[in-house]
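Notes for the one structure printed next.
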Amino acid sequence: AEAARPVLRLLRQRAEAAGATLRLADGAVTARVRADARILHQMLLNLVGNAVAHAGARLVEVSAAPGPDGGTDVVVTDDGDGVPEQVRAELGQGFVTDARGSGLGLALVHAMMREHGGDLLLEDGHPRGTRAVLRFPA
């Protein structure tokens with residue numbers, strides 16, 4: 001998603017100060033999603049920002065791939081501490097937060113994806129990290 005470039009530029013200094021590298025995967029540039037550009041920007045800002053500020057990630061990558069239903073998955077992968085199970089379990093219930101403060105941003109991204117007819121999936125990156133998937137419908 002071309003929308004990721006400005007987000008990565010905006011967060012680059014914060015990431016460098018935290019010792020993290022931000023990367024846009026090659027395939028992400030050609031992926032197309034049907035979404036409000038401003039909201040997509042905010043969702044990516046929340047996900048990439050959480051990975052850098054709260055998860056202690058050293059590498060954060062934004063990629064895109066075809067989704068299982070013919071839509072598009074925009075994926076933010078990091079090698080940080082991961083999202084606590086409690087936050088993942090409460091994600092669809094509205095306001096959630098954890099000691100790191102990352103829950104509210106995730107709840108907002110989840111709500112924004114629902115408004116787009118899609119979903120936010122959070123997958124544990126065993127042994128470390130998180131794979132956050134913005135699953136856009138066809």
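Because the structure is a prediction, the values reported are computed rather than measured.
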Checklist entry - Does a sphere of radius 6.0 Å around CZ in Arg12 hold more than 12 heavy atoms from other residues, nucleotides or ligands, not counting ones at 6.0 Å or beyond? => result yes
List the atom of [X], the atom of [Y], and the distance in Å for their closest heavy-atom pair.
| X | Y | answer |
| --- | --- | --- |
| Ala57 | Val60 | CB-CG2, 3.8 Å |
| Met113 | Arg135 | CE-O, 3.3 Å |
| Val52 | Ala15 | CG1-CA, 3.7 Å |
| Gly117 | Pro137 | O-CG, 3.5 Å |
| Ala4 | Val62 | CB-CG1, 3.8 Å |
| Leu122 | Ala132 | CD2-CB, 3.7 Å |

What distance do [X] atom [atom1] and [Y] atom [atom2] have between them, rounded to the nearest 0.5 Å?
| X | Y | atom1 | atom2 | result |
| --- | --- | --- | --- | --- |
| Leu121 | Asp73 | CG | CG | 7.5 Å |
| Asp79 | Thr21 | CG | OG1 | 9.0 Å |
| Leu47 | Gln42 | CG | CD | 10.0 Å |
| Ile39 | Glu115 | CD1 | CD | 8.0 Å |
| Glu61 | Arg131 | CD | CZ | 10.5 Å |
| Leu11 | Leu45 | CG | CG | 5.0 Å |

Checklist entry - Linking I/L/V/M/F/W/Y whenever their side-chain heavy atoms sit closer than 4.5 Å, directly or via other members, would Val48 and Leu10 fall into one cluster? => result yes
Checklist entry - Going through the distances and angles, do Leu24 and Arg5 end up as a side chain to side chain contact (heavy atoms under 4.5 Å, CB included)? => result CA-CA 7 Å; Leu24 180 63; Arg5 284 189 198 281; 3.7 Å; yes
Item to check | Expected output: side-chain His116 to main-chain Asp36 donor-acceptor under 3.5 Å | outcome: yes
Next on the checklist: Consider side-chain contact (heavy atoms from CB on, under 4.5 Å). Of Val74, Asp119, Asp69, which one does Phe136 pass it with?
Outcome noted: Val74
Item to check | Chi angles and distances behind the side chain to side chain contact (heavy atoms under 4.5 Å, CB included) call for Leu134, Thr72 | outcome: CA-CA 8 Å; Leu134 299 173; Thr72 301; over 6 Å; no
Item to check | CA sep, side-chain torsions, deciding dist, call: Leu40, Val33, side chain to side chain contact (heavy atoms under 4.5 Å, CB included) | outcome: CA-CA 9 Å; Leu40 177 57; Val33 296; 3.8 Å; yes
Next on the checklist: Would Arg23 and Leu59 count as a side chain to side chain contact (heavy atoms under 4.5 Å, CB included) here? Give the steps.
Outcome noted: CA-CA 8 Å; Arg23 183 168 61 199; Leu59 176 63; 3.3 Å; yes
